[in-house]
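The structure under discussion appears below in the form of structure tokens.
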There are 2 protein chains.
Amino acid sequence: MSESPAESTLAEQIAAQLRRDILRGKLPPDTAIKERDNAADLGVSRTPMREAIRILAQEGLVVLRPSRSPIVARPTVKEVHDQVVVLLALEKLSAQIACERATEEDLSRLAELNEKIAEAYDHVDALDLFEMDMAFHRLIAESAHNAALAETHHAYLARLWRARFLSATMRRNRERVVSHHGAIMEALRARDPKAVDAALDQHLANLAEDISAAIEAENAEAERAGG
Amino acid sequence: MSESPAESTLAEQIAAQLRRDILRGKLPPDTAIKERDNAADLGVSRTPMREAIRILAQEGLVVLRPSRSPIVARPTVKEVHDQVVVLLALEKLSAQIACERATEEDLSRLAELNEKIAEAYDHVDALDLFEMDMAFHRLIAESAHNAALAETHHAYLARLWRARFLSATMRRNRERVVSHHGAIMEALRARDPKAVDAALDQHLANLAEDISAAIEAENAEAERAGG
DNA sequence: ATTTCTGATTTGGTATACCAAAAATTGTTG
DNA sequence: CAACAATTTTTGGTATACCAAATCAGAAAT
């Protein structure tokens, strides 16, 4: 999940584990996460399990309902779409600010990463590739040097992890990604707000629709199976 | 805090209490909030106190530092400014979307509220007035009918509560607020994105600077006193 | 057969106790 | 008097137990 910071506490480890299981689809939507049972299974007490569930709830991966087991969230197409809209707005805002504030180091890190993506594109599995793409977009957000903005952007990126992953693997296209990233970088380097905006539009224009399609497909699948 | 939803749990009550004390300035920045002592004082156990501190930390009102007591946050001017920038972007995005999506009911509630503000302006204390202003801006965000957007906007509004309050009381001006709100409303009613953008710019243009000034003044005050 | 009532189960919330790691404090020594 | 080492607090994290409210399931009654 690109969370390098060592999951130090038990709660964080549990959260990380559950997060993986949810995002990878091992714990499909609507799966109940019983605090007591689950804790017993893992051989831990309720305290860290509560904490972990809380973390995931805050990330939007599980939903808490009063007096019922928390369940893995099944975001509707609209919910995901709405979140994508906000993510795009945050990223475009970041890029605009970055036109003024990005340092040379920011820019060279972006260039470096894009090169790495270009190289790796055909040798690396979807997951690693996706992580790199995510890192690229995170760098853009960080280049605005606005901590609040970067943090909120990151939160949305994390929340949309699964949806973006579905969409990305569905629509894998080396030239598109690499050249788009290149265009964004060049515009940033030129510190040209309009060019940046155009480049981001170009790159992200279809994201909302792609993701919606991916989610719809998955929900339809679930419909057919579980009822 | 305009949080009508009954604070049902002890943790929420404690959080609400601490929040008030912090925002009202009773617990000034850098004040330590010892989990054990504080819990003992209130006659509760550590569990809900931990929970409460956690809530406030997430709101940015207190900062957690490893192996040290949590303390009331002392946001820097830059931090607050950065947050204001994001808040403005979210509100402008909301308004843009609201041009398409706002319902008649949204618009009439906005009108109603603005009228109420106009009436109350000279009879009501700063706090109540401020709550109304906050509600107005929240309505704008909700008129976009994008839950994620509204939620994030609300979170920023809450986080900036104190800073905005300082700025608002410092720069109280009936005509300005009421006419600006009116202009925003009219633009929304006309569903004219450009007019909405202009009206919001007009209203919020000085917010960042005002807030920065207010924070700077407060920090300078603290400097003089506590060192 | 449907509804209603009652008791068992599940859940969230709280209190309490324990432990290890990290700080602050103290005492000691060069 | 300063640097260092040992001890004492403080803190965060975890485990465990208890309680009340809400849910759920099964029995009883119409």
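Please read all numbers here as calculations on a predicted model, not as lab measurements.
When each of G43(A) and P66(A) is assigned the nucleotide of DNA chain D bearing its nearest heavy atom, the one mapping closer to the 5' terminus is G43(A). Each of A11(B) and R68(B) has a nearest nucleotide on DNA chain C; the 5'-most of these lies closest to A11(B).
The base of dG12(C) sits with one of its N or O atoms less than 3.5 Å from a complementary donor or acceptor on the side chain of R46(A).
Of all nucleotides listed (dG12(D), dG12(C), dA15(D)), dG12(C) comes nearest to the side chain of R50(A). Nearest to the side chain of T9(A), among dA15(D), dG13(D), dC19(D), sits dG13(D).
Contact between R74(B) and E79(B) at its shortest, heavy atoms only, is O-OE1, 4.4 Å.
Aromatic ring centres of H137(A) and H154(A): separated by at least 6.0 Å.
For R65(A) and dC24(D), the CZ to P distance is 9 Å, given to the nearest whole Å. Regarding R54(B), its CZ atom lies at a distance of 17 Å from the P atom of dT11(D), rounded to whole Å. As a whole-Å value, the separation of R36(B) CZ from dC18(C) C1' is 10 Å. Here dA22(D) presents its P atom at 17 Å from CG of L64(A), a figure rounded to the nearest Å. Distance I71(B) CD1 to dG12(D) P: 12 Å, rounded to the nearest Å. In this structure, M49(A) atom CE and dG13(D) atom C1' are separated by 15 Å, rounded to whole Å. E51(A) places its CD atom 14 Å from the C1' atom of dA15(D), with the value rounded to the nearest Å. Rounded to whole Å, the distance from CD on E35(B) to C1' on dG13(D) is 9 Å.
At dT14(C), none of the side-chain N or O atoms of T47(B) fall inside 4.0 Å of OP1 or OP2 (strictly under the cut-off). An OP1 or OP2 oxygen of dT11(C) is reached within less than 4.0 angstrom by a side-chain nitrogen or oxygen of S69(A).
Remark: of the listed residues R54(B), R19(B), R159(B), R19(B) is the sole one forming a salt bridge (Lys or Arg N to Asp or Glu O under 4.0 Å) with E59(B).
Using a cutoff of 4.0 Å between basic side-chain nitrogens and carboxylate oxygens, D133(B) and R164(B) are scored as salt-bridged. By the 4.0 Å N-to-carboxylate-O rule, R46(A) lies close enough to E35(A) to be salt-bridged with it.
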